[in-house]
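In what follows, a single structure is set out as structure tokens and then discussed.
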2 protein chains.
Amino acid sequence: MELRHLRYFMAVASAQSFTKAAAALHVSQPSLSVQIRALEDELGSRLFDRLGRKVSLTQAGEVFHDHAERAVRELERAAQLVREVHGA
Amino acid sequence: MELRHLRYFMAVASAQSFTKAAAALHVSQPSLSVQIRALEDELGSRLFDRLGRKVSLTQAGEVFHDHAERAVRELERAAQLVREVHGA
DNA sequence: CGGGCTTACGGTGTGCGTAAATATC
DNA sequence: GATATTTACGCACACCGTAAGCCCG
């Protein structure tokens, strides 16, 4: 698992669509699809229900989303603080 | 920034040595060194003081360590919960 | 049928390891 | 002078984009 997977995952969850998420991330839809699939394989569960028109989080997906969001936030905060300190 | 950078960073902070951290991570010391450097470049601050024998966290490094640890923990927890749910 | 996700397939950037250089004690 | 980190260099793998395939409304 890499942060890229989390960023992609969050984008799809937010957009409820692979197509829109791919556009927002400036990557192609196939790349996004493959990476989400890799994440799902690693975690051993589907994270999204692909329902033709709308993509929605599975139960596992919602659980993951909750924690992933916190983790990403934590890292953004970490980077921000380091840049503020800027102390050698 | 990718999770790999965080894992490497945590390992060096823990071992207080690039050599030992590289062994623990099963990667070569040069690879580890390069990745830490990349992280430092991205954050705009040195995270470690290289003092010949001992490697120690800078002030920026300590700040980053605090948050990075929480983020990594959060992700481990997320993965664990998803594997437990295992619901579609 | 049409929009959208997936699978297939090459190309390319980047992380990795080996080897050489530099620095600190 | 030895141990430890950094720099140099080539390679291999994995991400990416394009193109083709599939599926659901």
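Lettering follows sequence order; numbering is per chain, from 1. Predicted model only: the values in this text are computed from it and were never measured.
Atom CG of A:Leu39 is separated from atom C1' of C:dT6 by 17 Å (rounded to the nearest Å). Counting to the nearest Å, the C1' atom of D:dA4 and the CD atom of B:Gln16 are 15 Å from each other. Spacing between atom CD of A:Glu42 and atom P of D:dA14 amounts to 13 Å, rounded to whole angstrom units. Here D:dC13 presents its C1' atom at 14 Å from CD of A:Glu2, a figure rounded to the nearest Å. Regarding A:Asp49, its CG atom lies at a distance of 13 Å from the P atom of D:dC24, rounded to whole Å. Atom P of nucleotide D:dT6 and atom CZ of B:Phe48 are separated by 10 Å, given to the nearest angstrom. As a whole-Å value, the separation of B:Ile36 CD1 from D:dA4 C1' is 15 Å. If you measure from atom CZ of A:Arg37 to atom P of D:dC15, you get 15 Å, rounded to the nearest angstrom.
Of the possible donor and acceptor atoms, none in the side chain of B:Glu2 sits under 3.5 Å from a partner among the backbone N and O of A:Glu2.
Under the 4.5 Å side-chain criterion, counting only non-hydrogen atoms from C-beta, B:Val12 is in contact with B:Val55. Proximity of B:Val27 to B:Tyr8: side-chain heavy atoms (C-beta onward) are separated by under 4.5 Å at one or more points. Counting only heavy atoms from C-beta outward, the side chains of B:Thr58 and B:Phe48 never approach each other to under 4.5 Å. Counting heavy atoms from C-beta on, the side chains of B:Val72 and B:Arg7 never come closer than 4.5 Å. Residues B:Arg70 and B:Arg73 form no side-chain contact, since every pair of their non-hydrogen atoms from C-beta on lies 4.5 Å or further apart.
Going from atom CZ of A:Phe9 over to atom CE of A:Met1 covers 11.0 Å, rounded to the nearest 0.5 Å. With rounding to the nearest 0.5 Å, the separation of OG in B:Ser31 from CD1 in B:Ile36 is 11.5 Å.
Contact between the side-chain N/O atoms of A:Ser33 and the OP1/OP2 oxygens of C:dT6 is found at a separation under 4.0 Å. Between B:Thr19 and D:dA4 there is no side-chain polar atom (N or O) within less than 4.0 angstrom of OP1 or OP2.
B:Glu40 is linked by a salt bridge (charged side-chain N to carboxylate O under 4.0 Å, His left out) to B:Arg46, B:Arg50, counting only residues two or more places apart in sequence or in another chain.
Each end of the helix from C:dC1-D:dG25 to C:dC25-D:dG1 gets its own axis, taken as the rotation carrying the C1' atoms of four end pairs onto the next four within a five-pair window, and the two axes meet at 40° to the nearest 10 degrees.
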At under 4.0 Å between heavy atoms, which parts of nucleotides 12-25 of chain C does protein reach? Answer with one letter per nucleotide, 5' to 3': B base, S sugar-phosphate only, - none.
---SBBBB----SS
